[in-house]
K.L.:
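Quick one: structure below, then a few questions.
Each chain gets a letter, A, B and so on, in the order its sequence line appears, and its residues count up from 1. The shown structure was predicted, so the numbers you read here are calculated from the model rather than taken from an experiment.
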There are 2 protein chains.
Amino acid sequence: MAELVKIAVDAMGGDNAPDEVVKGVIEALGENENIKIYLTGKSSVVNGLLKQYKYDGKRLEVIDATEVIETGEPPVMAIRKKKDSSLIKAMNLVKEGTCDAIVSAGSSGAILVGGQVIVGRIKGVERAPLAPVIPTMKGFSLLIDCGANVDARPAQLLQFAKIGSVYMENVMGIKNPKVGLVNIGVEEEKGNALTKEAYPLLKSCPEINFTGNVEARDIPLGVCDVYVCEAFVGNVILKMYEGVGTALLDRVKDGMMSTVRSKIGAFLVKPALKKTLKGFSTSEYGGAPLLGLNGLVVKTHGSSKANEVKNSILQCVVFKEQNINERIAKAVILND
Amino acid sequence: MAELVKIAVDAMGGDNAPDEVVKGVIEALGENENIKIYLTGKSSVVNGLLKQYKYDGKRLEVIDATEVIETGEPPVMAIRKKKDSSLIKAMNLVKEGTCDAIVSAGSSGAILVGGQVIVGRIKGVERAPLAPVIPTMKGFSLLIDCGANVDARPAQLLQFAKIGSVYMENVMGIKNPKVGLVNIGVEEEKGNALTKEAYPLLKSCPEINFTGNVEARDIPLGVCDVYVCEAFVGNVILKMYEGVGTALLDRVKDGMMSTVRSKIGAFLVKPALKKTLKGFSTSEYGGAPLLGLNGLVVKTHGSSKANEVKNSILQCVVFKEQNINERIAKAVILND
């Protein structure tokens, strides 16, 4: 039997915690025999929820945590003060080596800060980028960095490109992933000070498959597997996905409900439409990993349901089995 | 009779030039009696096209230009070399005071460079921002700056806010327009170095109605009338609108065509859907003005058809009649 992959799960983080988190954990345990979950949270509440499920008790441990970090709390302060919170207890399990990874749907800020401060960066990694998998017309791509550390330097963008390539190749199974630099034009000389300096670094790096600049309009088309950008820009891209999607689907619904004829049409179209649009949802691909840390930190959407929690947990298994952190460590040291 | 508004139109710029440009000019002349058009381009070609239309010959003048600036040409070089191009001849008409405005669907780069170099900035304006009107769920908003001058300074973002407010209030008719700063979080302390410095400048400016930071996800919802951002970010936002829209509508179409049932539904839904989605198209609002120049420069989409050319021309009339440039000059001098 393979060694168990040990994953700390923050039972109390997210809009649907702890119910959906616990449900997701149970589903993950059922799907994969090689994982052990350390569930941190108010033990009375968590144990109460667990009673309704059947599962392999040897592979689930509940770790009591009396506090919860709320979404609105200033992250740095929360990390410092709430030592007995479900998130910090889970992160400490990774720090001390008990767990390989942590999954949380809690406060993004606290996860990003906690990841860097508690779990810590791999030696040689300057910044730990948050890298969600985004849906595209061809399937999916990695958008790296969407984190909270803005104003990156050119050499950091190069690290993001290397780290993202390792992730896409070994976790998501994309051979020789194509790397694009998000820019305002495709020509080499285009861009701001950052992208102009980053371009030659990416171009001359033999470890990545750099294909040049990419305009934002081509991101949803899936022209590259790894989109490299500074975190402010990554944040804008990710949120535009969400915002334009919401606005446009709202228009589509309005249009469908505007006449009697269209209402009948909408009734007929709905099931097929639901199915195809599901593939364009960001929640299908599990959570966003915070890469380059001494252990994997996965941030799932605040609105995660059991299915996304489960996917995020299963993602950690591949990550561990493929020795991603060793590969990242090797990649950032090379050519630096 | 009011004084004629004189508008130079680049007949040769854009994917559908000169046919659709000429058609749009004729339509504009028909809709508004107070405009005179100076159409620059190869006179034999332009005059040939004009033969098929009836129009008021006193309000249309063809200015011969033997050259055309192509989309792929390096802008600075093109502006310097092609003195007899339709774009430069049109810009010179504004520079020398013959025309009040210029409309072109040609090379964005050449229009942006030419606007600053030939037409020139209003005294006190540090940068001329490109400010397209974008569709939102509430109607429309102004996104300022989406131009080619990246890495703006905080004081320049303040100018964009003032200039954008003048435009929205006086050209688009939005009273006391709400101004938002595009950022990665709504809290005042969020952001990169630029937005952190720009925030207090915007907050303490009495001439604008500043409502705080705006996350990209809320842009398509229309929470503000004027979205202020640095040009790299503006470019990403504008192109994400296009990219996500294209990808999502493609998915919707795929879904509708996937089963027999959905195909019937699609047939019934189509007319209503087409109508509502039209309002979410960027081409409905004419071209994007390059603001803060000694004359109005309007860049319409490269793929513009006659309707968009016409709308862009008519937009110039309001601009002139409302003395926008004087208002902009006044706004940037105040509190600077």
Side-chain angles (χ1 to χ4, degrees), chain A residues 135-137 148 150-151 182-185 191-195 215-222 229-233 235-252 254-259 261-262 264-277 279-280, chain B residues 109 135-137 148 150-151 182-185 191-193 195 215-222 229-233 235-252 254-259 261-262 264-277 279-280:
Chain A
T136 70
M137 281 169 82
V150 293
D151 297 324
V182 178
N183 210 334
I184 58 170
N192 56 14
L194 175 66
T195 60
E215 291 195 75
R217 94 156 60 83
D218 293 329
I219 292 175
L221 305 183
C229 57
E230 183 273 328
F232 191 101
V233 171
N235 187 290
V236 166
I237 292 169
L238 201 62
K239 287 177 181 164
M240 284 302 289
Y241 248 93
E242 209 180 308
V244 176
T246 306
L248 212 56
L249 290 181
D250 202 83
R251 285 273 171 154
V252 169
D254 276 0
M256 286 181 172
M257 290 299 131
S258 62
T259 64
R261 173 185 163 147
S262 69
I264 299 167
F267 172 74
L268 296 171
V269 138
K270 206 178 162 190
L273 206 52
K274 223 172 163 175
K275 203 175 150 196
T276 37
L277 285 176
F280 210 71
Chain B
T136 70
M137 281 170 82
V150 293
D151 298 323
V182 178
N183 209 334
I184 58 169
N192 55 15
T195 60
E215 291 194 75
R217 98 159 54 85
D218 294 329
I219 292 174
L221 306 183
C229 58
E230 182 272 328
F232 192 101
V233 171
N235 187 291
V236 166
I237 292 169
L238 200 62
K239 287 177 180 164
M240 283 303 290
Y241 248 94
E242 208 179 307
V244 177
T246 306
L248 213 56
L249 290 180
D250 202 83
R251 285 273 172 153
V252 169
D254 275 0
M256 286 181 173
M257 289 299 133
S258 62
T259 64
R261 172 184 164 148
S262 69
I264 299 167
F267 171 74
L268 296 171
V269 139
K270 206 177 162 189
L273 206 54
K274 221 172 165 177
K275 202 175 151 196
T276 35
L277 285 176
F280 210 71

K.L.:
Closest approach of Lys239(B) and Ala216(A), non-hydrogen atoms and distance?
P.N.:
CB-CB, 3.8 Å

K.L.:
I'd like to check Val244(B) versus Leu248(A) (side-chain heavy atoms, cut-off strictly below 4.5 Å). Are they in contact?
P.N.:
no

K.L.:
With a 4.5 Å cut-off on heavy-atom pairs, point out which of Thr259(B), Asp254(B), Val236(B) contacts chain A the most.
P.N.:
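Heavy-atom pair counts peak at Val236(B).
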
K.L.:
So which of Asn183(B), Thr246(B), Leu249(B) has the largest heavy-atom pair count under 4.5 angstrom toward chain A?
P.N.:
Asn183(B)

K.L.:
Give me the atom names and distance for the closest heavy-atom approach of Val269(A) to Met256(B).
P.N.:
CG2-CG, 3.9 Å

K.L.:
So which part of Asp218(A) gets closer than 4.5 Å to some heavy atom of chain B, the side chain, the backbone, both or neither?
P.N.:
neither

K.L.:
Asp250(B) side chain to Met137(A) main-chain N or O, any donor-acceptor pair under 3.5 Å?
P.N.:
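No, the answer is negative, given that no donor and acceptor are paired below the 3.5 Å cut-off.
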
K.L.:
State, to 0.1 Å, how close Pro220(B) and Gly243(A) come at their nearest heavy-atom pair, and which atoms those are.
P.N.:
CG-C, 3.5 Å

K.L.:
Measuring heavy-atom distances to chain B, does Val150(A) have an atom under 4.5 Å in its side chain, in its backbone, in both, or in neither?
P.N.:
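For Val150(A), the contact with chain B is made by the side chain alone.
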
K.L.:
Looking only at heavy atoms and a cut-off of under 4.5 Å, which of Val252(B), Ile219(B), Ile264(B) has the most pairs with chain A?
P.N.:
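The option with the most such pairs is Val252(B).
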
K.L.:
What are the two closest non-hydrogen atoms of Phe267(B) and Arg261(A), and how far apart are they?
P.N.:
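Minimum heavy-atom contact is O-NH2, 2.7 Å.
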
K.L.:
Do Phe232(B) and Leu194(A) come close enough that some side-chain heavy atom pair is under 4.5 Å?
P.N.:
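Contact flag for Phe232(B)/Leu194(A) side chains = no.
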
K.L.:
Among Ala193(B), Cys229(B), Ser258(B), which residue forms the greatest number of heavy-atom pairs with chain A at distances under 4.5 Å?
P.N.:
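The candidate making the most pairs under 4.5 Å is Ala193(B).
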
